[in-house]
Asker: 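Pasting in a structure now, in structure tokens, and then I'll have a few things to ask.
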Protein chains: 2
Amino acid sequence: MSAPKAKSDALSKERLRLWLRMLRVTRQVEAALREKLRLEFDSTLPRFDVMAALYRDREGLKMNELSKRLRVSNGNVTGIVDRLAEDGLVERIAIEGDRRATLVRLTSAGCDAFTVMAEAHEGWVDELLDGVDAEDAHHIGELLHRLPADTGARP
Amino acid sequence: MSAPKAKSDALSKERLRLWLRMLRVTRQVEAALREKLRLEFDSTLPRFDVMAALYRDREGLKMNELSKRLRVSNGNVTGIVDRLAEDGLVERIAIEGDRRATLVRLTSAGCDAFTVMAEAHEGWVDELLDGVDAEDAHHIGELLHRLPADTGARP
DNA sequence: AAGAAATACTTCAAGCTTAAAATTTCAAGC
DNA sequence: GCTTGAAATTTTAAGCTTGAAGTATTTCTT
């Protein structure tokens, strides 16, 4: 009961190393983006994520769909949408025939604000991933895509 | 003023796609690890990270060094260490000659608890990164290492 | 049509996170 | 010795996040 796995242990260690590096890089980039959003737009990453989802589905999403899209808890979205609504970037719209649900939609102010932020965001990511050429990007993407964690289920 | 970057725009988009995928994978793995830690050890990822840092420097770290090691704000570490100390997994030790600083160290209970969690953690990561062989792991690691965000400064 | 189960949300408690302000202590300069 | 500034931590306010509990409302069953 002391040498159960000989060969796979090295692989396991290698994977652990990879995971720690992925985590470090991701956190670093996330921190940089968060700071940028805060300083330049007085906003946050979660707000940006919600707005991005709503920008993609311009006609609006139910809270339900929104939290599924973002893979985040229901209660979480409630708070973020609350604050976005306070700022007039988003609006809640009653749904005909189902008084339980509400549709959330970008206001036109929210839409304008998002397009500006999105462009800046793309630029920041571009800078932060400097040194990764198209081929690398594609390659890493492919490798990541193989992970069980990347079930991109996007209904 | 409408076509400032022609070639680099495609690259920028490719990098954005890569970033979004990295983010998705990382969050997914993180969520899985968080849930495992909660269910099996009634603990959290931040607690695990702190304990891992303290396990590595068995003689202890100053709050200062701890937050630098984890790349996390000072105030943040305060709270996590508070809770770990309440549970007897960690202890604060006065430093001779500098009453401002305190050394934080794993208790022997904390050390024992960590070794158990760490082994489980490695196993979980191994499962979550299933499909990545040693070569892939090494390769992705290399590519990530090139990023500016991976300045692994580890003093 | 009444009751039960499923849906869509919100609220709540606890913990994580940051930036900024406040505390306490140490180190230098005068 | 005093003062000024730097250093180590903690506190605070605000927001993010989760899982679980609570509220309506709708839909299914019988």
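Letters A, B, ... are given to chains in the order of the sequence lines, protein chains preceding strands, and every chain is numbered from 1.
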Asker: Between P on D:dT18 and CD on B:Gln28, what's the gap in Å once rounded to a whole number?
Answerer: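 Checked: the CD to P distance equals 12 Å.
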Asker: When all nucleic acid strands are considered with a 4.0 Å heavy-atom cut-off, which category describes A:Asn76: base, sugar-phosphate, or nothing?
Answerer: base
Asker: Would you confirm whether A:Asp133, through its side chain, and A:Glu135, through its main-chain N or O, come within 3.5 Å as a donor-acceptor pair?
Answerer: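 Yes, A:Asp133 side chain to A:Glu135 backbone: donor-acceptor pair under 3.5 Å.
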Asker: Tell me every residue that passes salt bridge (Lys or Arg N to Asp or Glu O under 4.0 Å) with A:Glu14, counting only those two or more places apart in sequence or in another chain.
Answerer: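 Partners of A:Glu14 under the salt bridge (Lys or Arg N to Asp or Glu O under 4.0 Å) test: A:Arg17.
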Asker: In whole Å, what is the span from the CG atom of A:Asp87 to the P atom of D:dA14?
Answerer: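 To the nearest whole Å, that distance equals 14 Å.
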Asker: Evaluate the salt bridge (charged side-chain N to carboxylate O under 4.0 Å, His left out) criterion for residues B:Glu122 and A:Lys13: first the C-alpha distance (whole Å), next the side-chain angles of each, then the deciding distance (0.1 Å), finally the verdict.
Answerer: CA-CA 8 Å; B:Glu122 184 178 330; A:Lys13 289 269 189 282; 2.9 Å; yes
Asker: Mind jotting down which residue pairs meet the ring pair (Phe, Tyr, Trp, His ring centres under 6.0 Å) criterion with at least one end in residues 77-113 of chain B? Sequence neighbours excluded, please.
Answerer: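 Pairs touching residues 77-113 of chain B that pass the test: none.
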Asker: Take the protein atom CD1 of B:Ile80 and the nucleotide atom C1' of D:dT10, then report the distance between them rounded to whole Å.
Answerer: 14 Å
Asker: Verify, without hydrogens or angle tests, whether A:Thr107 (side chain) and A:Leu89 (backbone) share a donor-acceptor contact under 3.5 angstrom.
Answerer: yes
Asker: Passes side chain to side chain contact (heavy atoms under 4.5 Å, CB included), B:Val72 versus B:Asp49? Steps please.
Answerer: CA-CA 11 Å; B:Val72 131; B:Asp49 290 345; over 6 Å; no
Asker: So which residues get pulled into A:Ile93's cluster when ILVMFWY side chains under 4.5 Å apart are joined, directly or through others?
Answerer: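 Same cluster as A:Ile93: A:Ile95, A:Leu103.
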Asker: Taking N or O atoms only and anything under 3.5 Å, show me the protein contacts with nucleotides 20-24 of chain C, one pair per line.
Answerer:
none

Asker: Let's see if you get this right: which residues in residues 88-97 of chain A place a heavy atom under 4.0 Å from DNA chain D?
Answerer: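 Here the set is empty: none.
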Asker: Please enumerate all residues that pass salt bridge (Lys or Arg N to Asp or Glu O under 4.0 Å) together with B:Asp87, with sequence neighbours excluded.
Answerer: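 B:Asp87 satisfies salt bridge (Lys or Arg N to Asp or Glu O under 4.0 Å) with B:Arg47 once adjacent residues are dropped.
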Asker: Dot-bracket for DNA chain C, please, read 5' to 3', with Watson-Crick or G-U wobble pairs under 3.5 Å on both distances, ( ) within the strand, [ ] crossing, | other strand, . unpaired.
Answerer: ||||||||||||||||||||||||||||||
Asker: Specify the separation, in whole Å, of atom CG of A:Leu70 and atom P of D:dC16.
Answerer: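 To the nearest whole Å, that distance equals 13 Å.
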Asker: Could you give all pairs that pass the salt bridge (Lys or Arg N to Asp or Glu O under 4.0 Å) test and reach residues 30-44 of chain B, with sequence neighbours left out?
Answerer: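 For residues 30-44 of chain B: A:Arg27-B:Glu30.
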Asker: Tell me: CG of B:Leu84 to C1' of C:dA14, nearest whole Å?
Answerer: 15 Å
Asker: From A:Ile140 CD1 over to B:Ile140 CD1, what is the distance, rounded to the nearest 0.5 angstrom?
Answerer: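 The distance works out to 7.5 Å.
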Asker: My understanding is that only residues two or more places apart in sequence, or in another chain, count here; which of them pass salt bridge (Lys or Arg N to Asp or Glu O under 4.0 Å) with A:Glu142?
Answerer: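 With sequence neighbours excluded, A:Glu142 shows a salt bridge (Lys or Arg N to Asp or Glu O under 4.0 Å) to no residue whatsoever.
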Asker: Measuring centre to centre across the rings, with the benzene-like ring taken for any Trp, is A:Phe48 within less than 6.0 Å of A:Phe41?
Answerer: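 For A:Phe48 and A:Phe41, the ring centres are not under 6.0 Å apart.
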Asker: Quick one, which residues of residues 44-51 of chain B touch DNA chain C with a heavy atom under 4.0 Å?
Answerer: B:Thr44, B:Pro46, B:Arg47
Asker: Give me each pair satisfying salt bridge (Lys or Arg N to Asp or Glu O under 4.0 Å) with a member in residues 90-111 of chain B, each pair once, sequence neighbours excluded.
Answerer: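 Residue pairs passing salt bridge (Lys or Arg N to Asp or Glu O under 4.0 Å), neighbours aside: B:Asp82-B:Arg92, B:Glu91-B:Arg105, B:Asp98-B:Arg100.
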Asker: Which distance, rounded to the nearest 0.5 Å, do you find between the CG of A:Leu144 and the CG of B:Leu18?
Answerer: 7.0 Å
Asker: Grab the two heavy atoms, one from B:Cys111 and one from B:Tyr55, that are nearest each other, plus how far apart they are.
Answerer: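 Residues B:Cys111 and B:Tyr55, closest heavy atoms: SG-CE1, 3.8 Å.
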Asker: Enter the distance from B:Leu11:CG to A:Asp126:CG here, rounded to the nearest 0.5 Å.
Answerer: 6.0 Å
Asker: To the nearest angstrom, how far is B:Lys36 atom NZ from D:dG19 atom P?
Answerer: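 My rounded result for the distance is 14 Å.
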Asker: Which of residues 57-65 of chain B sit near DNA chain C, with a heavy atom under 4.0 Å from it?
Answerer: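 Correct list: empty, so none.
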Asker: If you assign B:Asp98 and B:Asp82 each to the DNA chain D nucleotide with the nearest heavy atom, which residue ends up on the more 5' nucleotide?
Answerer: B:Asp98
Asker: Classify the nucleic acid contact of A:Val72 as base, sugar-phosphate or nothing, counting any heavy atom under 4.0 Å across all strands shown.
Answerer: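 Since only primed, P, OP1 and OP2 atoms lie under 4.0 Å of A:Val72, the category is sugar-phosphate.
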Asker: What is the distance, rounded to the nearest whole Å, between atom CG of A:Leu37 and atom P of C:dT17?
Answerer: 19 Å
Asker: Whole angstrom is fine here: how far is it from CZ in B:Arg83 over to P in C:dA14?
Answerer: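 One finds 12 Å between P of C:dA14 and CZ of B:Arg83, rounded.
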